[in-house]
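These values consider heavy atoms only, across backbone and side chains, with no hydrogens, waters or symmetry-generated copies.
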Amino acid sequence: MKTFASFMTEAYDKDVMGSSQIRRSGEGGRVGADRRKTDAERKRTKLGPGGTRVAAKSYKDRKDIGQQRQASTRVQQPEKERGSAALSAKEAQRKAYRERKAREGGASTKSKDLEKQASKMLTKKAPAKASSGEKIDRTTQRQYTRDEKKKMVRAGKRLVKDIVKGRDRPASAYQP
């Protein structure tokens with residue numbers, strides 16, 4: 001009498017037995033078995049004739065059963081050119097940043113040049129010069145601090161409020 005192990009060694013080649021992936025094709029050419037539940041196992045029901053409950057319809061088979069799908073539809077295809085994936089995440093960020101800045105820089109200088117040209121065309125008189133012949137230095141004009149600006153705004157609001165209420169105060173009352 002043969003043991004099960006001896007029978008298996010005679011009946012099957014070990015190489016095929018260990019790595020076999022052969023499966024029977026299911027009905028309709030599908031790969032693998034149909035794992036859908038039977039009518040008795042199905043929980044979803046609908047009203048049948050004479051007040052009885054009948055299992056709801058099973059789902060239709062797909063039209064592409066038994067056909068091989070192309071790899072291009074199943075596997076994500078590369079979107080960038082070859083070699084771009086070699087960059088690390090940080091390097092890719094840096095590269096994108098440089099490209100973005102180059103685009104913005106080109107656009108902003110172009111628009112600034114156009115703006116200058118337009119302002120030259122629209123100006124009718126020469127820029128004002130000081131009467132004594134010295135040039136006006138616009139960089140040294142008084143710049144107000146945040147607190148000074150707040151004081152001026154509040155003084156203006158006080159003035160408007162007093163005008164609405166009909167109070168008559170001297171201008172020195174509103175000097176910040």
Engineer: Evaluate R103 against R100 for side-chain contact (heavy atoms from CB on, under 4.5 Å), listing each step before the verdict.
Structural biologist: CA-CA 5 Å; R103 276 198 312 266; R100 196 168 55 246; 3.9 Å; yes
Engineer: Is it the case that atom CD in Q70 sees more than 12 heavy atoms from other parts of the structure closer than 6.0 Å?
Structural biologist: no
Engineer: Compare every heavy atom of R42 with every heavy atom of K57, then report the nearest pair and how far apart it is.
Structural biologist: C-NH1, 4.4 Å
Engineer: With side-chain contact (heavy atoms from CB on, under 4.5 Å) as the criterion, how do S119 and L122 come out once you've worked through the C-alpha distance, each side chain's angles and the decisive distance to 0.1 Å?
Structural biologist: CA-CA 5 Å; S119 61; L122 291 172; 5.8 Å; no
Engineer: I want to check something: taking the side chain as every heavy atom from C-beta on, are I65 and K63 in contact at a cut-off of under 4.5 Å?
Structural biologist: no
Engineer: Considering residues at least two apart in sequence or located in another chain, which fulfil the side chain to side chain contact (heavy atoms under 4.5 Å, CB included) criterion with I163?
Structural biologist: L159
Engineer: So does D61 pair up with R36, basic N to acidic O under 4.0 Å?
Structural biologist: yes
Engineer: Is any NZ, NE, NH1 or NH2 atom of the basic residue among D162 and K165 found under 4.0 Å from an Asp or Glu carboxylate oxygen of the other?
Structural biologist: no
Engineer: Could you go step by step and tell me if K150 and R146 meet the side-chain contact (heavy atoms from CB on, under 4.5 Å) rule?
Structural biologist: CA-CA 6 Å; K150 270 187 182 176; R146 187 169 178 238; 4.2 Å; yes
Engineer: Under the salt bridge (charged side-chain N to carboxylate O under 4.0 Å, His left out) test, which residues partner D147, sequence neighbours left out?
Structural biologist: none
Engineer: In this structure, are over 12 heavy atoms from other groups packed under 6.0 Å from E99 atom CD?
Structural biologist: yes
Engineer: Working to the nearest 0.5 angstrom, can you tell me the gap between K161 NZ and R167 CZ?
Structural biologist: 8.0 Å
Engineer: Can you establish whether the number of heavy atoms outside R62 located under 6.0 Å from its atom CZ is more than 12?
Structural biologist: no
Engineer: Can you tell whether the side chains of K101 and E104 come within less than 4.0 Å, N to carboxylate O?
Structural biologist: yes
Engineer: Kindly give the heavy-atom pair with the smallest separation between V54 and P49, and that separation in Å.
Structural biologist: CG2-CD, 4.3 Å
Engineer: Enter the distance from S88:OG to K95:NZ here, rounded to the nearest 0.5 Å.
Structural biologist: 12.0 Å
Engineer: Would you say CZ of R74 has more than 12 non-hydrogen atoms from neighbouring residues, nucleotides or ligands within 6.0 angstrom?
Structural biologist: yes
